[in-house]
Amino acid sequence: MTSGESPPRQTEFVIQTSGAALYDFTTEVTRWVRGGVDRNGLLTLFVRHTSCSLLIQENADPEVQGDLAAFFRRLAPPSTDPSMAYLRHTYEGPDDMPAHIKAAMLPVCLSIPVADGRPVLGTWQGIYLFEHRDAPHRRRVAAHLS
Amino acid sequence: MTSGESPPRQTEFVIQTSGAALYDFTTEVTRWVRGGVDRNGLLTLFVRHTSCSLLIQENADPEVQGDLAAFFRRLAPPSTDPSMAYLRHTYEGPDDMPAHIKAAMLPVCLSIPVADGRPVLGTWQGIYLFEHRDAPHRRRVAAHLS
Amino acid sequence: MTSGESPPRQTEFVIQTSGAALYDFTTEVTRWVRGGVDRNGLLTLFVRHTSCSLLIQENADPEVQGDLAAFFRRLAPPSTDPSMAYLRHTYEGPDDMPAHIKAAMLPVCLSIPVADGRPVLGTWQGIYLFEHRDAPHRRRVAAHLS
């Protein structure tokens, strides 16, 4: 069955976050893509927010995720950091504008080919929601499969 | 009507820029997507240049856009800045190579699911052309709706 | 012939790398897209690794590519650099965690509209595999054309 014969499908994944970190939702995505049908197609994910990101990253050593978060925290530290004194959008909290900066630099959408009902992720690739805010948030990721 | 029944459509958006800043073209995009038909589908935008970017960002407080531009100007300052003395591609002006750097870090393409004729943008998300050059440019963004 | 009438096609490009640099594979991609058929459609590329990237960048002056690599090497230097002493994932070599960082910041996927059998690349745009590791690698890029 080719995607030309299957109608496109859409859904929304909801991810509850509890602080700035990476949240793996690979299993939820691959389960939905499969949906009982072995098809080729194209999966698109789109995060409907401007202070978190999507990310494909290594799923093996959890220290990779910690190091990634540490790097971006140093690159765009809270607006209370002296190096960020030039920021003007600060009234939503010291972690808000740096979150927008990270959301600009990191993916808002991902497009992944699907073969035989599976996203063609490499062996070490997982799909993550990368939360940039400190407070808990309910994040929505739109999905389209064609 | 599903996208499986509608033929794909393509167009090109032209955005005239006047200096390094974010240019909102959300309205033009959503109007074209709608095009009289309530359909589900997938919208793809692709910018045909290497010194500007596409960006999904907050459309509420304009200071967010100013802060974003300020952050990236500090991260990749003009090649006349002592910290950038290692750059060799300087003959197109001090803002050219930093523009290529920003174009590498920020999106060249965006894929957004469309539901009932509307891109599923979050409440605070706008679609921007992020110009990285100082001189005015005429920027072309290819669009595909399937 | 519209893409609605053509079944989607998939392939995989294999790129042998020999050190951190940009590898142009525009010709291979455009040749495959053409495939004898003038059609409109959407091309998606997805790299199946977490320590290299895809990139659309200028294909004219090779110094642009050298400068890009230099910028990202300075932004995320090897873990032996004192500024990166906070990294914990170091057992795969000093170039590994910086490679994951660059892979997070730079595209893992690209979506490019196709018109009349050609990706709508701008005049100066080439498609690159951006290798972030020092040792040779065999990189796989999944492609989907719909």
Side-chain angles (χ1 to χ4, degrees), chain A residues 1-6 8 22 39-46 53-76 101-102 104-116 118-128 130 144-146, chain C residues 2-13 41-54 72 74-77 79 81 83-92 96-112 137-146:
Chain A
M1 189 175 214
T2 71
S3 94
E5 297 157 10
S6 308
L22 279 77
R39 63 187 266 173
N40 293 342
L42 181 67
L43 168 69
T44 299
L45 300 173
F46 177 83
S53 302
L54 297 175
L55 199 61
I56 300 279
Q57 261 296 329
E58 179 178 306
N59 55 13
D61 179 358
E63 290 191 334
V64 169
Q65 300 168 38
D67 283 352
L68 279 175
F71 174 84
F72 287 104
R73 199 162 50 233
R74 279 168 173 76
L75 189 62
I101 291 170
K102 292 171 208 163
M105 302 180 72
L106 296 165
V108 67
C109 56
L110 296 171
S111 291
I112 311 173
V114 171
D116 298 329
R118 294 179 187 279
V120 298
L121 295 168
T123 310
W124 310 110
Q125 288 183 313
I127 304 172
Y128 296 88
F130 193 172
H144 180 92
L145 179 64
S146 58
Chain C
T2 71
S3 97
E5 297 155 10
S6 308
R9 294 163 55 209
Q10 296 190 336
T11 194
E12 188 171 83
F13 297 100
L42 181 67
L43 168 69
T44 299
L45 300 173
F46 177 83
V47 66
R48 304 179 66 194
H49 308 275
T50 61
S51 55
C52 62
S53 301
L54 297 174
F72 287 104
R74 278 167 172 76
L75 189 61
S79 57
D81 190 281
S83 71
M84 303 300 273
Y86 64 90
L87 294 180
R88 296 179 303 164
H89 178 80
T90 55
Y91 69 87
E92 293 189 70
D96 185 64
M97 193 58 223
H100 290 306
I101 290 169
K102 292 170 209 163
M105 302 179 73
L106 296 165
V108 68
C109 54
L110 297 170
S111 292
I112 311 174
H137 280 79
R138 196 167 165 272
R139 300 305 198 173
R140 300 188 297 162
V141 177
H144 180 92
L145 178 64
S146 57

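So that the names make sense, note that chain A is the first sequence line, chain B the second, and so on, each numbered from 1. Every heavy atom of this structure was used, including side-chain atoms; hydrogens, water molecules and symmetry mates were not.
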Item checked: Proximity breakdown for C:His100 and chain A, heavy-atom pairs closer than 4.5 Å -> both
Next item on the list: Indicate the atoms forming the closest heavy-atom contact of C:Ala104 with A:Gln57, along with that distance.
Entry: N-NE2, 3.7 Å
Item checked: Heavy-atom pair with the smallest gap, counting every atom of C:Gln10 and A:Pro113 -> NE2-CB, 4.1 Å
Check: Considering only heavy atoms from C-beta outward, does the side chain of A:Arg74 approach that of C:Tyr86 to under 4.5 Å?
Finding: yes
Margin query: Once rounded to the nearest 0.5 Å, what's the spacing between atom CG of A:Leu121 and atom NE2 of C:His49?
Written below: 12.0 Å
Next item on the list: Would you confirm whether A:Asp67, through its side chain, and C:Leu87, through its main-chain N or O, come within 3.5 Å as a donor-acceptor pair?
Entry: no
Checklist line | Contacting moiety of C:Met97, where chain A heavy atoms sit under 4.5 Å | finding: side chain
Margin query: Nearest 0.5 Å, please: how far is OG1 in C:Thr44 from CG in A:Leu43?
Written below: 10.5 Å
Next item on the list: List the steps and the verdict of side chain to side chain contact (heavy atoms under 4.5 Å, CB included) for C:Arg140 and A:Val120.
Entry: CA-CA 11 Å; C:Arg140 300 188 297 162; A:Val120 298; over 6 Å; no
Notebook entry, point to check: Contact part of A:Leu55 toward chain C, heavy-atom cut-off under 4.5 Å: side chain, backbone, both or neither?
Noted result: side chain
Next item on the list: Between chain C and each of A:Phe130, A:Trp124, A:Phe72, count heavy-atom pairs under 4.5 Å; write down the option with the most.
Entry: A:Phe72
Next item on the list: Answer whether the closest heavy-atom distance between the side chains of A:Val64 and C:Glu92 falls below 4.5 Å.
Entry: no
Item checked: Portion of C:Leu110 that has a non-hydrogen atom of chain A nearer than 4.5 angstrom -> neither
Notebook entry, point to check: Yes or no on side chain to side chain contact (heavy atoms under 4.5 Å, CB included) for A:Gln125 and C:Phe46, after CA distance, side-chain angles and deciding distance?
Noted result: CA-CA 12 Å; A:Gln125 288 183 313; C:Phe46 177 83; 3.4 Å; yes
Item checked: Value rounded to 0.5 Å, distance of OG in A:Ser111 from CG in C:Leu42 -> 7.5 Å
Checklist line | For C:Arg48, all residues meeting salt bridge (Lys or Arg N to Asp or Glu O under 4.0 Å), sequence neighbours excluded | finding: C:Glu12
Next item on the list: Write down the atom of A:Leu68, the atom of C:Ile101, and the distance for their closest heavy-atom approach.
Entry: CD2-CA, 3.7 Å
Notebook entry, point to check: Does any non-hydrogen side-chain atom of C:Leu75 lie less than 4.5 Å from one of A:Leu75?
Noted result: yes
Next item on the list: Determine yes or no for a side-chain-to-main-chain donor-acceptor pair under 3.5 angstrom, with C:His144 supplying the side chain and A:Val114 the backbone.
Entry: no
Notebook entry, point to check: Tell me, do A:Phe71 and C:Met105 make a side-chain contact under 4.5 Å, heavy atoms counted?
Noted result: yes
